[in-house]
Structures are given as structure tokens and as C-alpha cells.
Amino acid sequence: MLSPSTAVLDREKKMKAYGREGVSHLWLLDPLQRTLEVYRMEHRRWSPRGLWSGGATAHAEPFSVLPLKLATLWER
């Protein structure tokens, strides 16, 4: 989960490390912006696979068959 204090670390160092270690998919969840970003490793680079926000229902790789209602993540 992204936070203002770790966003740069997550987007730079961690993404590189995950790719190097063979992670095939990466999700970045930002509760402040209420967004979900999904990436897939292709040809040694992270390729954006989707961006959802607010109350959208995401069908995010690698679990595309399962609907994820983002609104449930933002509820308090």
C-alpha cells in the first residue's frame, strides 16, 4: 500500500527488486487517492495493465476473473 512516506521507495527500489526476483505482477494501492494500479512484468520491464479508482469494480491481473469492488477498500 502506498503512503506519502513510502511512495518513492515502492515505485523505484521495490519495483526493481520485485522484477529482479521474478515477481510477475505488482499492485500499487493508494488509499489517499483511492486508486489501484496493476503492472505485469514483460520483457524485463513493468507494463501497466490497469488503473481503477473510486468505486470502480476492478478485474485485475492475475485475478481477472474475480471482481474487486474498490469501494469496499475505502470504507471505514
Side-chain angles (χ1 to χ4, degrees):
M1 190 171 317
L2 291 173
S3 71
S5 63
T6 66
V8 172
L9 175 67
D10 293 337
R11 290 186 180 280
E12 293 179 12
K13 289 185 179 182
K14 286 185 181 180
M15 284 180 81
K16 287 179 186 175
Y18 294 151
R20 185 177 58 247
E21 296 301 320
V23 173
S24 61
H25 288 83
L26 176 71
W27 289 18
L28 295 175
L29 187 66
D30 187 332
L32 297 177
Q33 297 296 316
R34 296 185 174 190
T35 59
L36 169 63
E37 297 174 55
V38 177
Y39 296 86
R40 179 172 62 194
M41 181 56 71
E42 294 180 325
H43 310 291
R44 302 166 93 185
R45 292 184 176 268
W46 288 111
S47 173
R49 304 307 296 166
L51 171 64
W52 295 268
S53 63
T57 298
H59 291 271
E61 292 184 20
F63 310 107
S64 300
V65 298
L66 301 173
L68 173 61
K69 295 179 181 180
L70 294 183
T72 61
L73 301 175
W74 320 134
E75 292 176 357
R76 294 184 182 236

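- Shown here are the salt bridge (charged side-chain N to carboxylate O under 4.0 Å, His left out) partners of D10, two or more places apart in sequence or in another chain: K14.
- In terms of the side-chain contact (heavy atoms from CB on, under 4.5 Å) criterion, residue partners of R11 (sequence neighbours excluded) are, by chain and number, L2, M15, L28, E37, Y39.
- For residues 21-33, there are no salt bridge (Lys or Arg N to Asp or Glu O under 4.0 Å) pairs, not counting sequence neighbours.
- Both W74 and W27 are part of a single hydrophobic cluster, where members link through side-chain heavy atoms under 4.5 Å apart.
- The distance from the CG atom of L68 to the CG atom of L70 is 5.0 Å, given to the nearest 0.5 Å.
- Legend: residues meeting side-chain contact (heavy atoms from CB on, under 4.5 Å) with K16, ordered by chain and number and at least two apart, are absent.
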Donor-acceptor contacts, no H, no angles, side chain residues 51-61, under 3.5 Å, sequence neighbours left out:
{"from": "H59", "atom 1": "ND1", "to": "S64", "atom 2": "O", "distance (Å)": "3.0"}
{"from": "E61", "atom 1": "OE1", "to": "H25", "atom 2": "NE2", "distance (Å)": "3.0"}
{"from": "E61", "atom 1": "OE1", "to": "R40", "atom 2": "NH1", "distance (Å)": "3.2"}
{"from": "E61", "atom 1": "OE2", "to": "R49", "atom 2": "NE", "distance (Å)": "3.1"}
{"from": "E61", "atom 1": "OE2", "to": "R49", "atom 2": "NH2", "distance (Å)": "3.3"}

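- L73 and F63 fall within a single hydrophobic cluster, where Ile, Leu, Val, Met, Phe, Trp and Tyr are joined by side-chain heavy atoms under 4.5 Å apart, directly or via other members.
- Every residue two or more places apart in sequence or in another chain that forms a side-chain contact (heavy atoms from CB on, under 4.5 Å) with M41 is listed here: W46.
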